[in-house]
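Note that ligands are numbered from 1 as they come in the structure, with each ligand's atoms numbered from 1 the same way. What you see below is based on every heavy atom in this structure, not just the backbone, and it leaves out hydrogens, waters and symmetry mates. All residue numbers in this chain count up from 1 along the given sequence. Values in this document were obtained by computation on a predicted structure and should not be read as measured data.
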Amino acid sequence: MKLPYLEYAAPADVTEALGLLGELQDEASVLAGGQSLIPLLALRLARPALLIDINGLRELSRLSLTDGWLAIGAMTREYVAEESLAVAESVPLLAAALPLIGHEAIRSRGTIGGSLAHADPAAELPAVALALDAEFVVRSRDGDRIIPAVEWFDGYLATSRRPDELLVEVRFPTARPGTGVAFLEVARRHGDFAIVGLAASLTLTGGQITDARLAFAGVSDIPVRAAEAENLLVGERPSRNLFEEAAVRATARLNPPADLHGSAEYRKKVAATLVRRGLQAAADNADERS
Ligand SMILES: Cc1cc2nc3c(=O)[nH]c(=O)nc-3n(C[C@H](O)[C@H](O)[C@H](O)COP(=O)(O)OP(=O)(O)OC[C@H]3O[C@@H](n4cnc5c(N)ncnc54)[C@H](O)[C@@H]3O)c2cc1C
């Protein structure tokens with residue numbers, strides 16, 4: 001399918017990109033890896049007047065570790081993050097999710113910022129960002145804003161980024177010692193978007209759970225955090241019964257969508273199974289890491 005007619009700009013730096021975005025606002029689309037945007041253009045589901053190609057902006061591909069945060073530039077390719085030792089050691093939940101995104105060819109072009117700006121509710125990275133309380137740094141001609149993950153996802157394929165803002169960086173808190181993680185999902189085929197996915201993280205101190213994080217992909221129009229289950233887990237020791245109860249609490253209020261891939265009821269059952277398995281895997285993994 002051919003793309004519609006549109007203007008194209010490849011700004012030399014972020015300032016030039018922000019100038020264009022400020023001028024054209026939602027008449028412009030930012031082109032990152034193009035893995036989601038190009039199909040949207042081909043299908044005429046997006047009709048911008050101008051494409052602002054940020055692939056040349058090297059300043060947006062930096063990875064840095066400071067004061068308990070791993071900052072990842074928006075243009076960091078998914079495969080670069082997947083192969084990064086800094087990511088594996090400091091944000092293991094992100095490292096666990098990255099290999100599940102599509103296929104290698106997609107991850108070699110797709111970017112961390114692109115996935116999170118696209119905000120597909122079935123995608124892996126939005127669930128990870130929500131589970132970990134990541135922070136989104138957006139920039140406009142007026143300066144920077146930091147948006148917490150809980151405020152970032154604003155509906156189906158929608159975020160709280162303003163049209164004149166560029167996502168420049170995403171910051172993930174680094175894992176505390178004793179943290180175990182798992183990213184589990186059910187998809188029809190390897191590389192497909194998840195029917196349901198789960199990001200799970202447990203921190204154990206002296207055998208007791210001191211921090212618990214659970215977030216689902218694929219059960220709503222935005223990623224969903226399971227706060228009630230998290231509260232149940234903190235202060236307890238890992239056990240099969242505890243994880244059973246957490247699965248009940250995590251899924252009690254879910255009202256997942258139904259589509260060709262599965263009914264709402266099926267998704268709810270899968271979600272509960274993923275919680276039980278994800279918590280067990282995270283607990284085992286925490287034991288190994290501590
Ligand atoms: C066959 C196939 C299978 C896939 N499977 C999966 C999967 O299983 N899981 C998954 O998570 N993803 C999957 N993807 C999507 C892939 O991860 C994309 O890379 C990702 O969703 C978008 O990243 P991108 O860099 O390609 O962004 P683009 O496609 O370039 O952009 C996506 C959107 O984000 C906006 N945007 C991008 N960067 C910025 C920025 N810095 N600031 C502001 N706005 C920005 C764009 O304007 C556009 O609206 C799949 C894609 C394909 C083609």
Side-chain angles (χ1 to χ4, degrees), residues 1 3 6 8-9 11 14 17-18 20-22 24-43 45-57 59-62 72-82 94 97-130 136-140 144-145 147 152-154 156-170 183 185-197 199 217-218 223 261:
M1 246 183 189
L3 296 191
L6 38 73
Y8 170 88
V14 169
L18 296 181
L20 290 167
L21 267 180
L24 275 107
Q25 304 269 327
D26 47 17
E27 290 286 293
S29 282
V30 172
L31 175 67
Q35 298 303 294
S36 299
L37 182 56
I38 298 294
L40 288 178
L41 293 172
L43 293 166
L45 294 171
R47 299 295 299 257
L50 173 71
L51 266 193
I52 304 176
D53 183 348
I54 58 170
N55 280 270
L57 307 186
E59 58 209 284
L60 297 182
S61 306
R62 291 192 195 119
I72 304 187
M75 273 307 294
T76 306
R77 306 282 173 197
E78 289 157 350
Y79 90 93
V80 170
E82 184 182 346
L94 179 60
L98 282 161
L100 301 176
I101 299 176
H103 305 275
E104 276 178 27
I106 286 148
R107 301 197 294 276
S108 74
R109 293 296 304 164
T111 64
I112 301 291
S115 174
L116 289 162
H118 187 57
D120 191 313
E124 289 80 5
L125 300 190
V128 170
L130 186 68
F136 293 75
V137 184
V138 292
R139 187 168 299 162
S140 70
D144 285 5
R145 273 197 313 147
I147 304 173
W152 177 255
F153 302 103
D154 197 28
Y156 183 70
L157 303 185
T159 70
S160 51
R161 179 183 75 87
R162 292 195 317 250
D164 65 333
E165 288 174 325
L166 185 68
L167 174 62
V168 291
E169 185 177 280
V170 187
F183 196 103
E185 66 183 35
V186 169
R188 286 193 97 80
R189 297 169 307 186
H190 169 75
D192 281 4
F193 273 98
I195 297 174
V196 181
H261 303 299

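His103 contributes atom NE2, which lies 11.0 Å from atom CD of Gln35 (distance to the nearest 0.5 angstrom). Between atom CG of residue Asp53 and atom OH of residue Tyr8 there is a gap of 3.5 Å, rounded to the nearest 0.5 Å.
Taking the side chain to side chain donor-acceptor pair (under 3.5 Å) definition, one finds that Arg145 meets it with Glu165, sequence neighbours left out. Take Asp144 and apply the side chain to side chain donor-acceptor pair (under 3.5 Å) test, not counting sequence neighbours, and it matches Arg139.
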List the atom pairs, donor and acceptor, that lie under 3.5 Å between side-chain atoms in residues 111-129 and the rest of the protein, sequence neighbours left out.
{"unit_1": "Thr111", "atom_1": "OG1", "unit_2": "Gly114", "atom_2": "N", "d": "2.8"}
{"unit_1": "Asp120", "atom_1": "OD1", "unit_2": "Ala122", "atom_2": "N", "d": "2.9"}

Distance dump, ligand 1 polar atoms to protein, N/O, under 3.5 Å:
{"unit_1": "ligand 1", "atom_1": "8 (O)", "unit_2": "Gly102", "atom_2": "N", "d": "3.0"}
{"unit_1": "ligand 1", "atom_1": "9 (N)", "unit_2": "Glu124", "atom_2": "OE1", "d": "2.7"}
{"unit_1": "ligand 1", "atom_1": "11 (O)", "unit_2": "Glu124", "atom_2": "OE1", "d": "3.1"}
{"unit_1": "ligand 1", "atom_1": "17 (O)", "unit_2": "Glu78", "atom_2": "OE2", "d": "3.2"}
{"unit_1": "ligand 1", "atom_1": "21 (O)", "unit_2": "Ser36", "atom_2": "OG", "d": "2.9"}
{"unit_1": "ligand 1", "atom_1": "23 (O)", "unit_2": "Ser115", "atom_2": "N", "d": "3.4"}
{"unit_1": "ligand 1", "atom_1": "25 (O)", "unit_2": "Gly33", "atom_2": "N", "d": "2.8"}
{"unit_1": "ligand 1", "atom_1": "25 (O)", "unit_2": "Thr111", "atom_2": "N", "d": "2.9"}
{"unit_1": "ligand 1", "atom_1": "25 (O)", "unit_2": "Thr111", "atom_2": "OG1", "d": "2.6"}
{"unit_1": "ligand 1", "atom_1": "26 (O)", "unit_2": "Gly34", "atom_2": "N", "d": "3.1"}
{"unit_1": "ligand 1", "atom_1": "26 (O)", "unit_2": "Gln35", "atom_2": "N", "d": "2.8"}
{"unit_1": "ligand 1", "atom_1": "29 (O)", "unit_2": "Gly34", "atom_2": "N", "d": "3.4"}
{"unit_1": "ligand 1", "atom_1": "29 (O)", "unit_2": "Gln35", "atom_2": "N", "d": "3.2"}
{"unit_1": "ligand 1", "atom_1": "29 (O)", "unit_2": "Ser36", "atom_2": "N", "d": "2.8"}
{"unit_1": "ligand 1", "atom_1": "29 (O)", "unit_2": "Leu37", "atom_2": "N", "d": "2.7"}
{"unit_1": "ligand 1", "atom_1": "30 (O)", "unit_2": "Ala32", "atom_2": "N", "d": "2.9"}
{"unit_1": "ligand 1", "atom_1": "30 (O)", "unit_2": "Gly33", "atom_2": "N", "d": "3.3"}
{"unit_1": "ligand 1", "atom_1": "30 (O)", "unit_2": "Gly34", "atom_2": "N", "d": "2.7"}
{"unit_1": "ligand 1", "atom_1": "41 (N)", "unit_2": "Leu167", "atom_2": "O", "d": "2.9"}
{"unit_1": "ligand 1", "atom_1": "42 (N)", "unit_2": "Leu167", "atom_2": "N", "d": "3.0"}
{"unit_1": "ligand 1", "atom_1": "47 (O)", "unit_2": "Val30", "atom_2": "N", "d": "3.3"}
{"unit_1": "ligand 1", "atom_1": "47 (O)", "unit_2": "Val30", "atom_2": "O", "d": "2.6"}

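For the pair Ala28 and Leu21, the tightest heavy-atom approach, listed with the atom from each and the gap, is CB-CD2, 4.4 Å.
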